[in-house]
Structure formats: structure tokens, C-alpha cells
Amino acid sequence: MAKECSFDVVSEFDKQELVNAVDQAKRELTSRFDLKNTNSDINLEADKAITITTSDDMKLRNILDILQTKLVKRNINIKILDPQPVENALGGNVRQVFNLKKGLSTELGKKIVADIKASKIKVQASIQGDQVRVSGKSKDDLQEVIRLLKEKEDSYDIPLQFQNYR
């Protein structure tokens with residue numbers, strides 16, 4: 001009897017690397033000439049959201065660029081940032097909240113399963129909470145599914161990782 005092989009499709013990020021990236025961005029805010037004395041701030045709120053507060057829209061875009069650069073250097077995909085509308089804050093400042101995307105939604109899980117089934121690769125895919133388990137008899141088929149999902153990752157609008165490959 002052939003052994004069943006499997007892996008999980010998930011969407012996660014390294015929390016410690018995220019904390020480090022936000023801390024580095026905060027440090028750069030205090031040292032950059034164009035952002036000094038602007039009451040600019042970046043806050044990480046319990047691994048759920050990042051809030052940027054500053055004096056105007058141009059500075060907000062500059063701070064976002066700094067944050068994205070720090071995230072990329074720490075191997076965190078910037079697709080985890082879900083920007084909310086810019087809002088006015090106290091003292092004439094502007095604030096923007098970026099929710100952090102983690103886990104696969106049910107709709108996205110269904111889309112991934114449908115894409116796998118449409119590929120006609122001999123594997124089974126099932127949604128298990130906020131991840132998708134893919135199993136099959138051939139490791140080559142599983143690697144083909146990983147390649148397929150990496151090609152389609154842009155259409156999912158969320159970074160994918162592949163774990164527990166056995």
C-alpha cells in the first residue's frame with residue numbers, strides 16, 4: 001500500500017520579524033531629516049494592525065515606504081498589509097491603519113481548492129480551518145501543486161506558505 005504524502009497551504013508571518021521591522025522603521029523616523037519634528041509615529045497593535053500617524057499625506061506615504069522597505073528586508077511579504085482609508089486624527093494629523101492579513105479566509109480556501117481540482121492533478125485538497133491540506137500518493141504531484149499555487153499567488157492577493165511537507 002502506497003504511503004500518503006501531504007502538505008498544508010497557509011498564510012502566516014513571523015511575528016518577531018514584524019516587531020523588528022516596525023522597530024527599525026520607528027528608529028528611522030527619528031533620524032530622517034524630512035520626518036523630524038512631525039509628530040510621526042508607527043504602532044504595532046497586538047499582531048492585528050499597524051497604525052501610522054503623521055502630519056500630512058506626503059509624509060504618510062514616505063513612512064509607508066520606509067515600513068514596506070523594512071518588511072521586505074526581513075522577508076515579510078507586504079501583501080499582509082490591508083490598508084484602511086486615511087482618516088483625520090487629533091491636532092490636524094492624519095492616520096492610516098493597516099490590518100494584518102493572517103490565515104486563509106473560507107472564500108480563498110474554496111478558490112484554492114477549486115484551482116487545484118481544475119488542474120486535474122491527482123491530489124485531494126480540503127479546507128481545515130484557516131489552512132488547506134493537500135494530500136496525494138506522489139510527491140511529484142504535490143510539488144506540481146506547489147508550483148501551480150506559486151504561479152497563481154498574485155491572483156489570491158495574500159502571501160502563501162507551504163508547511164508540513166511529508
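All figures in this text were calculated on a predicted structure; none of them were measured in a lab.
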K.L.:
Determine yes or no for a side-chain-to-main-chain donor-acceptor pair under 3.5 angstrom, with Q161 supplying the side chain and E12 the backbone.
P.N.:
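It does hold such a pair.
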
K.L.:
Quick check: does any side chain N or O of D8 sit under 3.5 Å from a backbone N or O of V10, one acting as donor and the other as acceptor?
P.N.:
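Judged by distance alone, no pair lies under 3.5 Å.
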
K.L.:
Do N39 and D41 meet the criterion of a side-chain donor-acceptor pair at a distance under 3.5 Å?
P.N.:
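Checked: N39/D41 side chains show no N/O donor-acceptor pair below 3.5 Å.
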
K.L.:
Quick one: closest heavy-atom pair of N99 and A49, and the distance?
P.N.:
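Result for this residue pair: OD1-CB, 3.8 Å.
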
K.L.:
Do the side chains of L64 and L60 get nearer than 4.5 Å, heavy atoms only?
P.N.:
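They are not in side-chain contact.
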
K.L.:
For the NZ atom of K122 and the CG atom of L142, what is their distance to the nearest 0.5 Å?
P.N.:
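So the NZ of K122 and the CG of L142 are separated by 14.0 Å.
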
K.L.:
Check whether any side-chain heavy atom of N62 lies under 4.5 Å from a side-chain heavy atom of T54, and answer yes or no.
P.N.:
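In short, these two side chains do not touch, never coming nearer than 4.5 Å.
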
K.L.:
In this structure, would V72 and V19 fall into the same cluster of hydrophobic residues linked by side-chain contacts under 4.5 Å?
P.N.:
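In one cluster with V72: V19, yes.
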
K.L.:
Apply the test salt bridge (charged side-chain N to carboxylate O under 4.0 Å, His left out) to residues K102 and D130: give CA-CA distance (whole Å), side-chain angles for both, the deciding distance (0.1 Å), then the verdict.
P.N.:
CA-CA 9 Å; K102 187 173 182 181; D130 61 351; over 6 Å; no

K.L.:
How long is the straight-line distance from CG of L44 back to CZ of F98, given to the nearest 0.5 Å?
P.N.:
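Going from the CZ atom of F98 to the CG atom of L44 covers 13.0 Å.
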
K.L.:
Kindly indicate whether the side chain of I80, heavy atoms from C-beta on, has any atom under 4.5 Å from the side chain of P159.
P.N.:
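I80 vs P159: side chains touch.
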
K.L.:
Any luck finding a side-chain donor-acceptor pair between Q96 and T51 under 3.5 Å?
P.N.:
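Side chains of Q96 and T51: no pair found under 3.5 Å.
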
K.L.:
Enter the distance from S119:OG to L148:CG here, rounded to the nearest 0.5 Å.
P.N.:
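Reported value, rounded in 0.5 Å steps: 5.5 Å.
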
K.L.:
Tell me, do L81 and I50 make a side-chain contact under 4.5 Å, heavy atoms counted?
P.N.:
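SC-SC contact between L81 and I50 confirmed.
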
K.L.:
Would N164 and F7 count as a side-chain contact (heavy atoms from CB on, under 4.5 Å) if you check the C-alpha gap in whole Å, the side-chain angles of each, and the deciding distance to 0.1 Å?
P.N.:
CA-CA 5 Å; N164 299 330; F7 68 89; 5.8 Å; no

K.L.:
Roughly how far, to the nearest 0.5 Å, is CD of E107 from CD1 of I112?
P.N.:
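Rounded to the nearest 0.5 Å, the CD1-CD separation comes to 11.5 Å.
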
K.L.:
Checking side-chain polar atoms at under 3.5 Å, does Q24 have a donor or acceptor matched by the opposite partner on N20?
P.N.:
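Distance-only check fails for Q24 and N20.
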
K.L.:
Which heavy-atom pair separates I127 from T106 by the least distance, and what is that distance?
P.N.:
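In terms of heavy atoms, the two residues are closest at CD1-O, 4.2 Å.
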
K.L.:
Step by step, work out the salt bridge (charged side-chain N to carboxylate O under 4.0 Å, His left out) result for E144 and R147.
P.N.:
CA-CA 5 Å; E144 186 70 22; R147 188 189 59 72; 2.4 Å; yes

K.L.:
Do V97 and L71 sit in one hydrophobic cluster, given that two such residues count as connected whenever their side-chain heavy atoms are within less than 4.5 Å of each other, even indirectly?
P.N.:
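Cluster IDs for V97 and L71 differ.
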
K.L.:
Pick out which of I42, L67, I52 makes a side chain to side chain contact (heavy atoms under 4.5 Å, CB included) with L29.
P.N.:
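Going through I42, L67, I52 one by one, the side chain to side chain contact (heavy atoms under 4.5 Å, CB included) with L29 is satisfied by I42 alone.
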
K.L.:
Let me confirm one number: the NZ-CG distance from K59 to D57, rounded to the nearest 0.5 Å.
P.N.:
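Interatomic distance, K59 NZ to D57 CG, rounded to 0.5 Å: 10.5 Å.
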
K.L.:
When you compare the side chains of S6 and S135, does any donor N or O come within less than 3.5 Å of an acceptor on the partner?
P.N.:
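Distance-only check fails for S6 and S135.
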
K.L.:
Taking C-beta and beyond as the side chain, do F13 and L100 meet within less than 4.5 Å on heavy atoms?
P.N.:
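Yes - at least one pair of side-chain heavy atoms lies under 4.5 Å apart.
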
K.L.:
Are side-chain heavy atoms of K137 and V123 found at a separation under 4.5 Å?
P.N.:
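Result no, sub-4.5 Å side-chain heavy-atom pair not found.
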
K.L.:
Starting from I158, can I reach I116 by hopping between I/L/V/M/F/W/Y residues whose side chains sit under 4.5 Å apart?
P.N.:
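Yes, one cluster joins them.
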
K.L.:
Mind checking whether R133 and Q124 have side chains closer than 4.5 Å, heavy atoms only?
P.N.:
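Not touching, per the 4.5 Å side-chain cut-off.
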
K.L.:
Check K139 against C5 and note the closest heavy-atom contact, atom names and distance.
P.N.:
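Taking every non-hydrogen atom into account, CG-SG, 3.6 Å.
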
K.L.:
Distance from L90 atom CG to T53 atom OG1, nearest 0.5 Å?
P.N.:
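Rounded to the nearest 0.5 Å, the CG-OG1 separation comes to 9.5 Å.
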
K.L.:
Counting distance only, does the side-chain N/O of K111 pair as donor-acceptor with the main-chain N or O of S155 below 3.5 Å?
P.N.:
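Flag set: sc K111 to bb S155 pair under 3.5 Å.
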
K.L.:
Side chains of K26 and T30: does their closest heavy-atom pair fall under 4.5 Å?
P.N.:
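When only atoms from C-beta onward are counted, T30 and K26 do not touch, as no gap falls below 4.5 Å.
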
K.L.:
Could you tell me whether the side chain of Q68 and the main chain of I66 form a donor-acceptor pair under 3.5 Å?
P.N.:
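Answer holds: no.
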
